[in-house]
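Some notes on the structure that comes next.
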Amino acid sequence: MRITVIGTGYLGAVHAAGMAELGHDVLGVDVDAGKIDRLTQGVAPFYEPGFPELLRANLDAGRLRFSTSLKEAAEFGEVHFICVGTPQRPGSTSADMKFVDAVIEGMAPHLHQPCLIVGKSTVPVGTAHRLSSMVAQLAPVGEQAEVAWNPEFLREGFAVNDTLHPDRLVVGVSSSEAEATLRAVYDRILEAGTPYIVTDVATAELVKVSANAFLATKISFINAISEVCEAAGADIIPLAKALGHDARIGNRFLAPGVGFGGGCLPKDIRAFLARAEELGVDESLAFLKNIDAINVNRRRSALTLARGMLGGSLSNKRIAVLGAAFKPNSDDVRDSPALSVANALQVQGADVRVHDPEAIENARAAYPLLNYTTDVQKTFEGSELVIHLTEWQEYRDLDPLHLSALVSAPHILDARNTLDIDLWRSAGWTVRAMGRPAR
Ligand code: UDX
């Protein structure tokens, strides 16, 4: 099939290459000419394991190309996937729909053939209906350009696998023709027995925000219990393990620490609540305010623990920060807990040095006043406190004995609960971990 993917960020670029991998003829489109140039040359514009290989293979096979022209996209595609961002609107908690709307405004006037427009971006429920009216008004082909919704559940760091082997496909459609088209697009994935759920468009939009709200709730739940553990001198790690053995609860997304960040969960729960307010059902989702507050408070708790470990003041204290990305295996720093803690430490007078294996360039663009290094040993040199804020494997593999000779004082705060703290303690380090008792 001839497929276009509009928006080539973390989601769209992988989706475009994934659709080509399934055998389709794919055109990826973005307003960022620099990004399109890089993709055309087979250079990934972001860090995502496995993506460079997928991109290169499908460029070489002649199934994948890129453009900045929405007119070209309109004339080429039978199916158009919308994968542009829906960030938090400045000065509001709702989603900013300007990028999605711009795609429809730019593409619809060039739609002369029947086609299917499929939203993948996370949007407020009701968006597909609104876009349908826009398309009917603006497209020469009128209502023969149909709008469907097919939410994307991919996780950064696992995006290639999640695109080619999703745990479910959800398609929200208004006609059996649209459903048949999407079935044909995903033919090979469906052959593998992937669960396939067909709904109306509003339900499909809601599945995505509900999934993210549930995941955020699970993380904030364990972090709230973690706060209680800290106050009571109990230990969140065996507690979480014990909860996870109950199959009704499960152990995934129950990792306590500094909380969630990224381009999805934080803004999605806020936008969900904002939309619920518009629909007059905000009381039903009022708990999401607490989920957000618990999450933001974890960053403050990490600061409080750090200050305590440094004798009550951060002023002029040399601090090594391990991690800048919002999670490992990604260079995404959007709403990164690591960077927000690093920045707060510096604002409160600490001399901060931040290390990350992949995200330094993005981190520097977001927080230009922080000091960065790509040499993990240099981060440790002379530090009075090390704070582990993004759980890269590289940090788990560090040798605490060797590093203790580099620091001014062997003090470490594990804000992700993934280091082997017994190993660090036996190498002479004073260790604190979020939600775990001091020893
Ligand atoms: C999320 C959803 O998982 C995905 O389905 C959706 O499509 C987009 O949003 P992503 O933002 O890539 O994906 O990251 P995810 O792996 O969900 O992690 C989100 C944040 O939660 C990270 O900051 C992570 O460190 C944190 N987290 C995750 C925890 O603090 N504890 C956990 O147990 C799990």
Side-chain angles (χ1 to χ4, degrees), residues 9-12 14-15 46-49 51 83 85-87 95 119-123 150-163 166-170 204-205 207-226 236-237 239-241 243-244 249-272 291-292 294-299 301-302 322-341 356 359 388-393 395 414-418 433-435:
Y10 289 94
L11 158 61
V14 180
H15 187 65
F46 48 80
Y47 178 78
E48 179 64 47
F51 175 61
C83 297
T86 51
K120 283 194 95 64
S121 309
T122 305
V123 293
N150 166 220
E152 180 57 62
F153 304 101
L154 70 77
R155 302 157 297 165
E156 288 174 27
F158 300 92
V160 171
N161 183 67
D162 288 353
T163 299
D167 49 16
R168 80 282 212 195
L169 281 171
V170 177
E205 290 168 328
V207 167
K208 177 59 198 274
V209 282
S210 310
N212 278 358
F214 191 84
L215 294 171
T217 301
K218 218 172 164 191
I219 300 169
S220 274
F221 173 83
I222 201 67
N223 280 332
I225 304 298
S226 183
I236 193 64
I237 296 300
L239 188 154
K241 199 172 168 190
L243 290 187
I249 299 175
N251 59 10
R252 299 179 68 190
F253 265 68
L254 218 53
V258 72
F260 58 81
C264 296
L265 299 190
K267 61 104 179 160
D268 286 349
I269 57 170
R270 290 170 197 154
F272 195 11
I291 298 307
D292 196 8
I294 291 164
N295 190 53
V296 172
N297 198 40
R298 293 307 281 166
R299 303 175 188 195
S301 298
L322 299 181
F326 84 101
K327 68 177 211 178
N329 301 316
S330 173
D331 64 354
D332 193 346
V333 300
R334 286 176 292 172
D335 203 353
S336 165
L339 279 182
S340 105
V341 169
D356 192 283
H388 175 235
L389 282 157
T390 311
E391 68 276 33
W392 288 93
Q393 180 63 40
Y395 301 145
D414 185 4
R416 286 292 184 181
N417 282 310
T418 54
M434 295 189 80

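Worth saying up front: this structure is predicted, and the values here are computed from it rather than measured. Counting starts at 1 for both ligands and their atoms, following the listed order. Along the sequence shown, residues carry numbers from 1.
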Nearest protein heavy atom with distance in Å, relative to [atom]:
atom: atom 1 (C) of ligand 1; result: Leu265 CD2, 4.1 Å
atom: atom 16 (O) of ligand 1; result: Lys327 NZ, 2.9 Å
atom: atom 21 (O) of ligand 1; result: Phe260 CB, 3.1 Å
atom: atom 31 (N) of ligand 1; result: Ala255 O, 3.0 Å
atom: atom 28 (C) of ligand 1; result: Ile219 CD1, 3.5 Å
atom: atom 17 (O) of ligand 1; result: Phe253 CZ, 3.1 Å
atom: atom 9 (O) of ligand 1; result: Cys264 CB, 3.1 Å
atom: atom 5 (O) of ligand 1; result: Phe153 O, 2.8 Å

Check [X] against ligand 1 and report side chain, backbone, both or neither, counting heavy atoms closer than 4.0 Å.
X: Asn223; value: neither
X: Lys218; value: neither
X: Leu215; value: side chain
X: Arg252; value: neither

If I apply the N/O under 3.5 Å rule, does [X] come out as touching ligand 1?
X: Arg416; result: yes
X: Phe326; result: yes
X: Gly262; result: no
X: Glu391; result: no
X: Pro337; result: no

| message | Please determine whether side chain to side chain donor-acceptor pair (under 3.5 Å) holds for the pair Ser220 and Arg298, giving the CA-CA distance in whole Å, both sets of side-chain angles, and the decisive distance to 0.1 Å. | response | CA-CA 9 Å; Ser220 274; Arg298 293 307 281 166; over 6 Å; no
| request: Measure the spacing between CG of Asp268 and OG1 of Thr86 and express it to the nearest 0.5 Å. | output: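 Spacing of CG (Asp268) from OG1 (Thr86) equals 6.0 Å.
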| query | So with a 6.0 Å cut-off around CZ of Phe153, is the heavy-atom count from everything else above 12? | reply |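 Check passes, neighbour count above 12.
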| request: For side chain to side chain donor-acceptor pair (under 3.5 Å), just list the numbers for Ser330 and Glu156, CA-CA rounded to whole Å, side-chain angles, deciding distance to a tenth of an Å, and then say yes or no. | output: CA-CA 6 Å; Ser330 173; Glu156 288 174 27; 3.2 Å; yes
Give the atom numbers and elements of ligand 1 that come within less than 4.0 Å of a heavy atom of [X].
X: Leu154; value: 4 (C), 6 (C), 7 (O), 8 (C)
X: Glu152; value: 7 (O)
X: Leu254; value: 33 (O)
X: Glu156; value: 12 (O)

| request: Check the angle between the aromatic planes of Phe46 and Phe51 and answer parallel, tilted or perpendicular using the 30° and 60° thresholds. | output: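 It falls in the parallel class, under 30°.
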Polar side-chain atom of [X] near backbone of [Y] as donor-acceptor pair, under 3.5 Å:
X: Lys120; Y: Glu152; value: no
X: Asn417; Y: Met434; value: yes
X: Asp331; Y: Tyr47; value: yes

| SB check Arg270 Asp292 (cutoff 4.0 Å) |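 So Arg270 pairs with Asp292 through a salt bridge.
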| task | Determine, step by step, whether Val258 and Arg416 satisfy the side-chain contact (heavy atoms from CB on, under 4.5 Å) criterion, reporting the C-alpha distance in whole Å, the side-chain angles of both residues, the deciding distance to 0.1 Å, and the verdict. | result | CA-CA 6 Å; Val258 72; Arg416 286 292 184 181; 3.5 Å; yes
| Heavy-atom contact under 4.0 Å between Gly257 and ligand 1? |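 No heavy atom of Gly257 comes that close to ligand 1.
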| said: Contact between Asn212 and Ile269 at the side-chain level, heavy atoms closer than 4.5 Å - yes or no? | reply: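 They are not in contact (no side-chain heavy atoms under 4.5 Å apart), so the answer is no.
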| Among Ile291, Leu243, Ile294, Ile249, which residue meets the side-chain contact (heavy atoms from CB on, under 4.5 Å) test with Phe221? |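 The option that passes is Leu243.
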| query | Given the rule in the side chain to side chain donor-acceptor pair (under 3.5 Å) test, do Lys327 and Ser336 qualify, once you have shown the distances and angles that lead to the verdict? | reply | CA-CA 8 Å; Lys327 68 177 211 178; Ser336 165; over 6 Å; no
